Amino acid sequence: LIYVLGGLQGSMYQTAIYRSAVPPVRRYLPLVARRATSTPTQTPTVAPYGGDPFEPNDSINQAWGPLLSGQEYRPYIYGPQDQEDFYFLNIATARDVQAWLRQIPAGHDYNLYLYNSALMLIGYSGNLSNQDEQILAGILPAGQYYVRVRPVTGYSTTQPYVLSLV
């Protein structure tokens with residue numbers, strides 16, 4: 001069991017993400033798997049937070065992954081306290097990267113972000129309403145990257161969104 005320092009959700013953390021990779025210390029959160037380039041793909045099994053097996057993933061330090069190209073993931077924005085979901089992917093050699101956010105529940109609006117390992121924004125998609133979001137990042141060098149899903153409006157405990165990489 002690994003413990004990661006976590007931060008509060010909401011605007012205080014949102015501000016911190018652009019300043020530091022480590023959010024303000026508020027609590028300890030247990031994680032089942034650790035993040036590293038040699039980490040095998042996690043398999044969601046237990047749903048500790050609102051029925052979402054990918055939680056907790058509300059900060060960079062809790063990013064779920066690694067995401068694999070060609071695989072679909074079906075997580076939830078499960079409540080008003082679920083302000084953002086983070087995932088990571090590892091790229092072994094330079095390659096074209098596309099991130100897709102689809103099947104956003106009707107009446108909801110989620111945005112999609114892509115960051116490099118220095119947490120610099122390298123891609124963003126902010127379509128209105130529940131239109132699909134996509135980031136065509138082009139060829140990215142080898143390294144670790146982070147995907148962030150942030151709700152603008154709405155949440156659902158019954159309808160997941162679909163996240164995938166190409």
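What you are looking at is a predicted structure, and each value in this text was computed from that prediction instead of being measured.
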Participant: Would you please test E133 and D109 for side chain to side chain contact (heavy atoms under 4.5 Å, CB included) and show each step?
Facilitator: CA-CA 10 Å; E133 306 288 350; D109 183 6; 4.2 Å; yes
Participant: Evaluate the side-chain proximity of D58 to F86: yes if any heavy-atom separation is below 4.5 Å, no if none is.
Facilitator: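 Side-chain contact under 4.5 Å: no.
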Participant: Do Y73 and L67 have side chains that approach each other closer than 4.5 Å (heavy atoms only, starting at C-beta)?
Facilitator: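 In short, these two side chains touch, coming nearer than 4.5 Å.
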Participant: Over 60° means perpendicular and under 30° means parallel, so tell me whether Y115 and Y113 are parallel, tilted or perpendicular.
Facilitator: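 The arrangement is parallel - the two ring planes meet at less than 30°.
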Participant: How many angstroms lie between atom CG of D96 and atom CG of L136, to the nearest 0.5 angstrom?
Facilitator: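 If we round to the nearest 0.5 Å, D96:CG and L136:CG are 7.5 Å apart.
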Participant: Side chain of D52, backbone of Y76: donor and acceptor closer than 3.5 Å?
Facilitator: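 Side chain of D52 to backbone of Y76, a donor-acceptor pair under 3.5 Å: yes, one is there.
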Participant: Does any donor atom in the side chain of Q62 or W64 lie under 3.5 Å from an acceptor atom in the other side chain?
Facilitator: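 Q62 vs W64: no donor-acceptor pair found between side chains.
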Participant: Closest approach of T158 and S156, non-hydrogen atoms and distance?
Facilitator: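 Closest heavy-atom pair between T158 and S156: N-OG, 3.1 Å.
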Participant: With side chain to side chain contact (heavy atoms under 4.5 Å, CB included) as the test, would you mind laying out the steps for Y145 and V97 before giving the verdict?
Facilitator: CA-CA 10 Å; Y145 294 85; V97 174; over 6 Å; no
Participant: Closest heavy-atom contact between I135 and L114?
Facilitator: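 Minimum heavy-atom contact is CD1-N, 3.7 Å.
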Participant: Kindly list each side-chain donor-acceptor pair under 3.5 angstrom involving residues 159-166, sequence neighbours excluded, with atom names and distances?
Facilitator:
residue, atom, partner, partner atom, Å
Y161, OH, D85, OD2, 2.8
Y161, OH, Y87, OH, 2.6

Participant: Does N127 reach the main-chain N or O of D132 with its side chain, forming a donor-acceptor pair under 3.5 Å?
Facilitator: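 A pair under 3.5 Å: yes.
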Participant: If you measure from CD on Q131 to OG on S125, what distance do you get to the nearest 0.5 Å?
Facilitator: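 That separation rounds to 9.0 Å.
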Participant: What closest approach, in Å, do I139 and A94 show between heavy atoms, and which atom pair accounts for it?
Facilitator: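 Taking every non-hydrogen atom into account, CG2-CB, 4.1 Å.
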Participant: Measuring from atom CD1 of I60 to atom CD of E84, what distance do you get when rounded to the nearest 0.5 angstrom?
Facilitator: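 Rounded to the nearest 0.5 Å, the CD1-CD separation comes out at 8.5 Å.
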Participant: Looking at R102 and E72, does any basic side-chain N land under 4.0 Å from a carboxylate oxygen?
Facilitator: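 Between E72 and R102 there is a salt bridge, with a charged N closer than 4.0 Å to a carboxylate O.
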Participant: So, N130 side chain and I104 main chain: donor-acceptor pair closer than 3.5 Å or not?
Facilitator: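 The answer is yes, because a donor-acceptor pair under 3.5 Å joins these two groups.
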Participant: Search all heavy atoms of F88 against all heavy atoms of Q144 and return the closest pair with its distance.
Facilitator: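 Reported closest heavy-atom pair: CD1-NE2, 3.1 Å.
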Participant: What residues, two or more places apart in sequence or in another chain, satisfy side chain to side chain donor-acceptor pair (under 3.5 Å) together with N111?
Facilitator: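 Residues passing side chain to side chain donor-acceptor pair (under 3.5 Å) with N111: Y124.
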Participant: Give a yes or no on whether the backbone of Y155 and the side-chain of H108 come within a donor-acceptor separation of less than 3.5 Å.
Facilitator: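 Judged by distance alone, yes, a pair lies under 3.5 Å.
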Participant: Write down the atom of D82, the atom of P151, and the distance for their closest heavy-atom approach.
Facilitator: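 Taking D82 first and P151 second, the nearest heavy atoms are O-CG, 3.7 Å.
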Participant: Would you confirm whether Q134, through its side chain, and A99, through its main-chain N or O, come within 3.5 Å as a donor-acceptor pair?
Facilitator: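 No.
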Participant: Hydrophobic cluster membership, with links at side-chain heavy-atom distances under 4.5 Å among I/L/V/M/F/W/Y: are Y110 and V152 in one?
Facilitator: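 In one cluster: no.
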Participant: Do you reckon L140 sits in the same ILVMFWY cluster as W100, going by side-chain contacts under 4.5 Å, direct or chained?
Facilitator: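 In one cluster with L140: W100, no.
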Participant: Please report the closest heavy-atom contact between Q83 and R150, naming both atoms and the distance.
Facilitator: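 Distance-wise, the nearest heavy atoms are O-NH1, 3.1 Å.
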